[in-house]
Structures are given as structure tokens and as C-alpha cells.
Amino acid sequence: MAAVARSVSVMLGFDYIIGNFDRWSGSNSKGKPDKSSVYVRDHDLALPGAISEPLHARMAANMTLAERVSRGLYAYAQGLSRECIEREVARAQPQDVNKQERLKLTPRVIAGVLDRRDAFLSHVQ
């Protein structure tokens with residue numbers, strides 16, 4: 001059960017940072033049969049341009065349920081920057097897609113991720 005708790009803790013923190021407010025609707029998280037971890041899917045509502053205050057409060061409440069936080073997730077959040085996000089989005093693009101068709105995250109989306117990253121780090125500290 002401790003492995004599942006660790007896995008859920010990471011999921012809650014990561015979902016908060018990426019603004020995934022849809023985790024607990026439907027079947028968006030499942031556990032491995034051996035109860036060693038959970039896996040998540042359905043991130044199509046993550047990285048929103050704006051989050052209402054009630055949704056943000058709900059995500060923050062979920063994130064603070066975790067009494068322990070993975071050192072890996074904490075280190076990931078510490079290293080997360082605008083430059084890192086932009087670099088990784090660019091790396092994820094197929095090389096044969098022309099510049100105008102490439103996916104981009106708007107400045108507002110990136111600012112939201114960085115604001116939630118700061119809140120996550122503050123909570124952990």
C-alpha cells in the first residue's frame with residue numbers, strides 16, 4: 001500500500017502543477033493489479049489557459065492531501081522554468097511539421113504552470 005500512496009502523492013502534485021482538474025471524473029486513474037502504483041491517463045484538460053477559483057481551490061486541496069512528497073517530483077518542480085517548458089515543447093514536435101503548425105503553449109498557460117509550481121514548492125517547504 002505504501003507504493004500506491006507514493007504514486008498517488010506524485011500524481012496529486014503533478015496534476016496540480018499542470019492544472020489537470022479532471023483527474024477524479026470517470027476512470028482517469030487506475031492501479032496496477034499488484035498494487036505497486038497507479039497510472040494516469042486523460043490529460044486532455046491539463047494546461048488550461050485559465051482556471052476558475054473553485055477549480056483551483058479543489059486542485060490545491062487535493063495536492064495538500066499528500067503528507068509526503070516525492071523527492072523526484074520536488075526536484076522536478078525546482079528545475080521547472082519557462083525555458084525548460086519551451087525547450088521540451090519544441091523537442092516534442094515532429095521534425096517534419098512546419099513552424100506555423102507547431103504546437104505552442106501560450107504565455108498565459110506557461111504562467112499558470114509556473115504559478116502552480118511556486119505554490120507547490122511553497123507547500124512542500
Side-chain angles (χ1 to χ4, degrees):
M1 228 24 182
V4 172
R6 279 190 298 273
S7 191
V8 169
S9 172
V10 169
M11 178 179 60
L12 292 171
F14 184 70
D15 275 346
Y16 178 74
I17 292 168
I18 66 170
N20 187 17
F21 56 84
D22 190 36
R23 172 63 53 221
W24 304 109
S25 66
S27 299
N28 296 331
S29 57
K30 298 283 185 185
K32 287 187 175 181
D34 67 359
K35 298 183 178 162
S36 62
S37 66
V38 296
Y39 52 92
V40 297
R41 58 185 186 192
D42 187 20
H43 289 85
D44 62 338
L45 294 179
L47 303 171
I51 298 175
S52 70
E53 186 54 41
L55 283 176
H56 182 264
R58 186 178 77 196
M59 286 190 320
N62 285 341
M63 183 252 311
T64 61
L65 287 173
E67 293 179 7
R68 294 181 179 204
V69 173
S70 152
R71 288 183 180 160
L73 180 62
Y74 183 70
Y76 163 81
Q78 286 180 306
L80 189 60
S81 66
R82 177 176 307 282
E83 295 78 18
C84 174
I85 293 168
E86 290 170 348
R87 181 182 64 245
E88 293 305 315
V89 168
R91 283 182 50 187
Q93 303 297 319
Q95 296 302 315
D96 60 346
V97 173
N98 73 42
K99 265 189 166 179
Q100 290 147 338
E101 294 177 352
R102 290 184 182 243
L103 297 174
K104 293 182 181 178
L105 296 180
T106 66
R108 186 175 184 180
V109 169
I110 294 172
V113 169
L114 297 175
D115 285 346
R116 289 185 300 276
R117 174 215 53 198
D118 291 347
F120 171 80
L121 291 171
S122 177
H123 166 69
V124 173
Q125 292 166 354

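Source: prediction; values computed, not measured. Numbers here are sequence positions counted from 1.
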Any pair counted as side-chain hydrogen bond (donor to acceptor under 3.5 Å, both in side chains), so long as it reaches residues 1-14, sequence neighbours left out | none
Counting only pairs under 3.5 Å, give me each side-chain donor-acceptor contact of residues 106-115, with atom names and distances, residues two or more places apart or in other chains.
unit_1, atom_1, unit_2, atom_2, d
T106, OG1, V109, N, 3.1
R108, NE, G49, O, 3.0

Over all atoms of both residues, closest heavy-atom pair of G13 and F120 = CA-CE1, 3.9 Å
Those residues at least two apart in sequence (or on a different chain) that pass ring pair (Phe, Tyr, Trp, His ring centres under 6.0 Å) with Y16 are H56
Roughly how far, to the nearest 0.5 Å, is the CG atom of L12 from the CD1 atom of I17?
-> 11.5 Å
Spatial distance of atom CG (L55) from atom CD (E53) [nearest 0.5 Å] | 9.5 Å
E86: partners by salt bridge (charged side-chain N to carboxylate O under 4.0 Å, His left out), with sequence neighbours left out = none
Those residues that, when tested against R91, pass side-chain contact (heavy atoms from CB on, under 4.5 Å) (two or more places apart) | R87, E88
Check G19 against P48 and note the closest heavy-atom contact, atom names and distance.
-> O-CD, 3.5 Å
Review item, side-chain donor-acceptor pairs of residues 62-70, under 3.5 Å, at least two apart:
unit_1, atom_1, unit_2, atom_2, d
T64, OG1, A60, O, 3.2
T64, OG1, A61, O, 3.0
S70, OG, G72, N, 3.0
S70, OG, L73, N, 3.1

Got a sec, which pairs hit side-chain hydrogen bond (donor to acceptor under 3.5 Å, both in side chains) with one end in residues 116-125, sequence neighbours left out?
-> Y74-Q125
Is there any salt bridge (Lys or Arg N to Asp or Glu O under 4.0 Å) pair reaching into residues 12-21, and which pairs are they, with sequence neighbours excluded?
-> D15-R23
